[in-house]
Each structure stands twice: as C-alpha cells, then as structure tokens.
Amino acid sequence: MNDKPSDQSRMDRIVSLAKRRGFIFQSSEIYGGLNGFWDYGPLGVALKRNLKDAWWHDMVAGHDELAAPAGAPEAYEMAGLDCTIIMHPQVWKCSGHFDLFHDWMIDCRESKKRYRYDHLSGRFASHRGKRVFVVTDASGDEAPPALTAKAQKFFGLRAKQIEEIEWEGGLTGLSAAVAAGSTTLAAVLGPDATEPGTLTDPREFNLMFETRIGAMAGDDDRAFLRPETAQGIFMNFKNVLDTSRVRVPFGIAQIGKSFRNEITPRNFTFRSREFEQMEIEFFCKPADSAAWYRYWRDRRWKWYLSLGLTEGKLQLREHDKDELSHYSVGTADIEYAFPFLAPGEFGELEGIAHRGDFDLRSHMEGKLVRQDGALVLETGPDGKPRHKGSGKDLSYFDDISRERYVPHVIEPSAGADRAVLAFLCDAYHEDEVPDEDGKPRSRTVLKLHPRLAPLKAAILPLVKKDGMPEVAIDLYRQLKRHMPCMYDEKGSVGRRYARQDEAGTPWCLTIDGQTLSDKTVTLRDRDSLVQTRVPLADVIDLLRDKLR
RNA sequence: GCGGGUGUAGCUCAAUGGUAGAGCAAUAGCCUUCCAAGCUAAAGACGAGGGUUCGAUUCCCUUCACCCGCUCCA
C-alpha cells in the first residue's frame, strides 16, 4: 500500500507560507509554543477580519428584512449580539455541555485503552480459588455475555466449563462498587486486560476550560469558558425580543471566541483549543422549521462558493440519525477537503443543526433528554431534575395567529479559523511564470477572493527615479482612503510582483515612463498576469467597482 | 493519553565532544524601464531545563513543540 494518506507536503508548504508571510504563528513561540493555540500575524488578522466582516455583512448588516431572499420561506429579520465568554455555570448544565464534556476517565495500563468510568460495569467471578471483579464497557443486553466470555478466557476454560464459574451479586457499575467498598481497582480485570489491577485511578476529564470567579474564589465559584457561543444567544433571546421589535421568524448572530480543552489538537489551526465561531440562532415557528433548516443549509453552502472556495473540494453531508447530537433533529455539515486529510476525507467547516426547542425549553424547565422521540426533563437518582432550569418563560406570543409557542431553532454554526484555513489552502497555488528571459519560473500565489485579500492593491513605480515614485506615492495616498493597499519601490518589479502574489494581493498598479506622458498606469491581475493600461484618474473607481 | 519520528538563521539544508557554514528570503545602499537580474554592506540559529565532561549543538535524562499512527472528539 503505497498510496499517500494525504497531501502532507502541500500542507507543509502552506503552513510554511503562513508563517513566512505573517499569516499565522504559533502562540507563545519564543517559549517553545503552546499546543492548540495560534496567533494571527499582520496578513492573517486582515484575512480573518475580512472573512468575519463578509459573514457579518452577508448575514446581518447587509440583510434586507423587507424581502424574502431566494429560497427563503418568507422575509425575516436578523440581529447582532456580543456576549461574555464566562457565563453562569447553570447555563452549561442545562445546555448539556456539562454532562457531555465532563467525565471521569479511567485508563488501562496494559491495553492502553481509555474508558468512561461510568460506562464500566461488572461483578465478581470465582473459579477454583481465583476471584476477580470482571468488568466490561458493553452495556445493556451485551454486557452479560461479554462478562462470561471475559471470565472464561481469564480462567482458561472451555465453553462447556462456563457453568463452573461462580458469580457473586448482580451487574454493578464499577464506580458504585468502588464507592461502596465492595471491590478495589486492584481486583478489577479491565475490559481489554488479561490480568487484574491494570486500571488507573479515575481522572477528571473536562473538555471545558475551568476558571474561578473572584480573586479569592473557592470551589463554589467554579465557572467555565464557553465551549460555544450559541448559549449566550439563548440567554438573551428574551432581551432581544423585548427590546428590538423583532418578530419570529428572526435570527440572532454572534462572532466570538470559544474554548475547548481538546484531547489532541492537530492539523495546524483546524482543531484548536481557543477558536472563533460565527453562529446564528434562527428562531422560527415549529411547523416551518424544516423549511428554514433547508434554507439555511443551502444558503450557507452558497456563501462559501460566493467567496471562491472550489466547489469540488466542498461537501454537504447530512448526518445519519445515530450521529445526531443530543439536541438535534437534523444536522448537515459543510466540509472541505483539507490537504492534510486523506483523499476522499473532509473536515468540518460549519454545522447547520435543527435544534428544535431543546435549548429554550432546557433553559426554562431544566435539562431535557430525548426519550421515545420526545424531550422530557432529565431526572437524577432522587427523582428530582438533574439540572434545574431558570424557570423563566422563554415562549413567544404570535400576535397574528394569536398562539403562544416555544420557537424552534436552526443553528448555522461556522468556525472562523477553519474557514480561514480552508480559504488559505484553497487559494494556495504553485504555477509557472516566464522570467525576464522567457524561461518558466515557479511562483507561489494565493488566489484569494478580492474581498478576503489582506491587501487589495500594491502601487509600484517601475523604477526608483524619473519622478515615478512621486506619482506612485500620490496614488497610494489617494487609494489608501478607500482600501488597504501598499507602496513598494524596493528591488526589481518582478520581485515585487512575486511578493504581492504570495500575499494574495489581487492587483498591482505600476507607474512607468508612459504614465508621466499620458497619465495612464498598468493594472496587473494576480491570477491572469494580464496587464491593462488604465487612466490614472479612473483607477480608484475601477478597483472599487471590482471589489463590489 | 500511548507508540514511532523530528527539532540548527525567516525558509531549505550542512558540519562538529573544543560555542557553527551555505543557498534563498529579509534590511540598507548602488544599479535597474514590466514578472524573484547584478554589485556592496550589515544583520541573523543549535527549542527549553538538568546531568556526564576540563569543555556539550553533538552523549544521557526530563520537558516543550511539530509530524505520522492509535485513541478521543463536533
């Protein structure tokens, strides 16, 4: 099998360019770096900001609430929001993140496998004086035969000798058995171990970053950095409704940092521990939710294409039923074929989830669980709600239909850093350009969409004399008022073009001898390398038109 | 978290138990009339911390980071 797992060398060259040209640096690099954290350099911050601005403009600021966009069931409103990173701890209990992201894990020294402590169960088995607590990670009906098979193998018995095994007590959760003192981990035979005592003590495993509120805080003041921005929107659902005159259907958008203590940050910025999300929570009438789900899925898909992502490298994938998150009744991912992935594999850029009324109801009533297709209040062993809700009414009264309901939610949730990475990878090209002798010479070029490009233009005097720099500087100062651009007079013009190609600058304006006599400049296109002469007086309007 | 690999200048790579060279890039100057030309000058590195040694970039240990696989994960 010689097939390449992924185009790793291409990815390496992209990472190298990102570093070399100041797009992305590793955090705290002079101290050796920090796994899972990345900084954006001068070009990177511009690229990322342009991306976020494009999203914000396309979703919120530029949204026309008076007309239904193509494909939308009806016209709708959009509002913006910016919430705090640290919120009331109860937010994460009712959202499900506390339970989902917070586990006790136990490792097996022998098999190197890791198990959720609360997923292990077992019972004592004895045979001819040997006694162990046999444990399995299987659940339900699969557990008893798994235990029997395990015990049979451990005692070295033939199938017909299974009856000789003496079992004590019923199937018990390992954590409960240890807590009750009926067994110790030393007597436990792990699910994939061949001898007892290979399991480590359970360790707390928390995907949420934890902090404490207050300078002299104690255990009661534990708080979490948000693992997603969405919950801040639900927290303010009623505030927005009460203050901004929006009516269902409407969406609330937010861009902001989120934090997850990923086990294995990998693949450059793709899986980071600190990352930025661009999220919309769209609130609609339950009966219309399926139509809105399809609308947002298709709308968001087109957004990536409109900014120039290669369609053949994008994939829209509907989740299977058993893959859906605890809250979701339908989810689609927009995925990109990143170069670090094996051919045919895709990495998630954005998830569009139909969340039903899980979130709003959970924050009203307490954390819900799905049971036989319906959401019901999750209860603890004592029969009380596992996580108590706010008790606040988050339902909506529809003045026109005179009905009250809890809106359903469609959530298009995009990763800003992942999008930056995808656009960077997609823009990266190596091609050949004839040099001054006409011989082909390779060049590296970022074919970024002009809206995303950190610099829109570079103004270059062909040579540093004969009054060309003066004309160029004057043009630079005028253009700078309208768009990010730079002036460069260093080195040969070919070298300067190459520098701009690597930075993804779409246009170069060159002032040459002819400019001085007929007041025209050459406009060089980054992708086609075609140069056209444009009157100096028109060039600013021309570039502004191109950017629209 | 486990196993394997890697770590020398911004990048790509050398050499060495006696404190390191080159190419490209970048900086300044000269030159230069359309795709990384040339000349000159100056600048720049042994991931970090211990240990062995008279002396460590080199040997050993630890740690950090990156890559691959496993595991985990939206």
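So you know, we letter chains A, B, ... as the sequences are listed, proteins then strands, and number each from 1.
A/Thr515 and A/Asp512 form a side-chain donor-acceptor contact under 3.5 Å, judged by distance and modelled atom types alone. A donor-acceptor contact under 3.5 angstrom links the side chains of A/Gln231 and A/His363, judged on distance only. When only modelled atom types and interatomic distance are considered, A/Tyr336 and A/Gln315 share no side-chain donor-acceptor pair under 3.5 Å. Counted by atom type alone, A/Thr310 and A/Asp426 present one or more donor-acceptor pairs between their side chains at under 3.5 Å. Under the 3.5 Å distance criterion, with hydrogens and angles disregarded, a donor-acceptor pair is assigned to the side chains of A/Gln514 and A/Arg533. Between the side chains of A/Ser442 and A/Glu432, no donor-acceptor pair of N or O atoms lies under 3.5 Å. In this model, no donor atom of one side chain and acceptor atom of the other lie less than 3.5 Å apart for A/Thr444 and A/His429.
For the pair A/Met208 CE and B/rA74 P, the computed distance is 13 Å after rounding to whole Å. To the nearest angstrom, P of B/rC67 lies 7 Å from CG of A/Asn267. Rounding to whole angstrom units, CG of residue A/Leu17 and P of B/rU12 are separated by 12 Å. The CG-C1' distance, from A/Asp99 to B/rC73, rounds to 17 Å in whole Å. If you take CG of A/Leu100 and C1' of B/rC72, they are 13 Å apart, rounded to a whole angstrom. Rounding to whole angstrom units, CZ of residue A/Phe23 and C1' of B/rG10 are separated by 15 Å. B/rA25 atom C1' lies 16 Å from atom CG of A/Asp501, rounded to whole Å. The interatomic distance linking A/Arg21 (CZ) with B/rA36 (P) rounds to 15 Å, in whole Å.
When the side-chain nitrogen and oxygen atoms of A/Asn35 are compared with OP1 and OP2 of B/rC64, none of them lie within a distance under 4.0 Å. A/Gln26 has no side-chain polar atom (N or O) that falls below the 4.0 Å cut-off from OP1 or OP2 of B/rA65. The shortest distance between the side-chain N/O atoms of A/Arg499 and the OP1/OP2 oxygens of B/rA26 is below 4.0 Å. Between A/Arg495 and B/rA26 there is a side-chain polar atom (N or O) within less than 4.0 angstrom of OP1 or OP2.
Applying the salt bridge (charged side-chain N to carboxylate O under 4.0 Å, His left out) test to A/Glu430 and every residue at least two apart in sequence or in another chain returns A/Arg13.
The list of salt bridge (charged side-chain N to carboxylate O under 4.0 Å, His left out) pairs with a residue in residues 28-38 of chain A, not counting sequence neighbours, reads A/Lys19-A/Glu29.
When the C1' atom is compared between B/rG1 and B/rU19, the two are found 38 Å apart, to the nearest whole Å. Straight-line distance between the C1' atoms of B/rC60 and B/rU53: roughly 12 Å, to the nearest whole Å. Comparing the C1' positions of B/rU6 and B/rG47 gives an interatomic distance of 12 Å, to the nearest angstrom. To the nearest whole angstrom, the two P atoms, one in B/rA15 and one in B/rG7, are 12 Å apart. Of the P atoms belonging to B/rA37 and B/rA42, the separation is 22 Å, rounded to the nearest Å. Only the P atoms considered, B/rU57 is 10 Å distant from B/rC46, to the nearest whole Å. Here the separation of B/rU52 from B/rC59, taken at their C1' atoms, is 8 Å to the nearest Å. Comparing B/rA20 with B/rC30, their P atoms are spaced 34 Å from each other, to the whole Å.
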Within the sub-3.5 Å range, which N or O atoms of nucleotides 29-33 of chain B have a protein N or O partner, and how far apart are they?
from, atom 1, to, atom 2, distance (Å)
B/rU32, OP2, A/Lys465, NZ, 3.4
B/rU32, O4, A/Lys464, N, 3.3
B/rU33, O4, A/Asp466, OD2, 2.9

Pairs: protein N or O with nucleotides 40-47 of chain B N or O, under 3.5 Å:
none

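Judged by distance alone, the side chain of A/Asp466 and the main-chain N or O of A/Met468 form no donor-acceptor pair under 3.5 Å.
The distance from atom CG of A/Leu225 to atom CZ of A/Phe209, rounded to the nearest 0.5 Å, is 7.0 Å.
Donor-acceptor pairing under 3.5 Å, judged by distance alone, is absent between the side chain of A/Glu262 and the base of B/rC73. In the interface, the side chain of A/Arg260 is not paired with the base of B/rC73 through any donor and acceptor atom under 3.5 Å apart.
Residue-to-nucleotide proximity on RNA chain B shows that, of A/Ser16 and A/Tyr497, the 5′-proximal contact is made by A/Ser16.
Contacts between residues 519-530 of chain A and RNA chain B, defined by a heavy-atom separation below 4.0 Å, involve A/Thr522, A/Arg524, A/Leu529, listed by number.
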Pairing string, 5' to 3', for RNA chain B - Watson-Crick or wobble contacts under 3.5 Å, brackets [ ] where pairs cross, | to another strand: (((((((..((((....[..))))..((((.......)))).....(((((..]....))))))))))))....
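Under the 6.0 Å distance and 45° angle rule, A/Arg317 does not count as a cation-pi partner of A/Phe346. Judged by the 6.0 Å distance and 45° axis criteria, A/Arg226 is not positioned over the aromatic ring of A/Phe224. Cation-pi check for A/Arg300 over A/Trp303 is met; the charged atom lies under 6.0 angstrom from the ring centroid and within 45 degrees of its normal.
If you look at A/Phe268 and A/Phe270, their ring centroids are not closer than 6.0 Å. Two rings, from A/Trp38 and A/Phe25, have their centers 6.0 Å or more apart.
Using a 4.0 Å heavy-atom distance criterion, A/Phe268 is classed as a sugar-phosphate-only contact.
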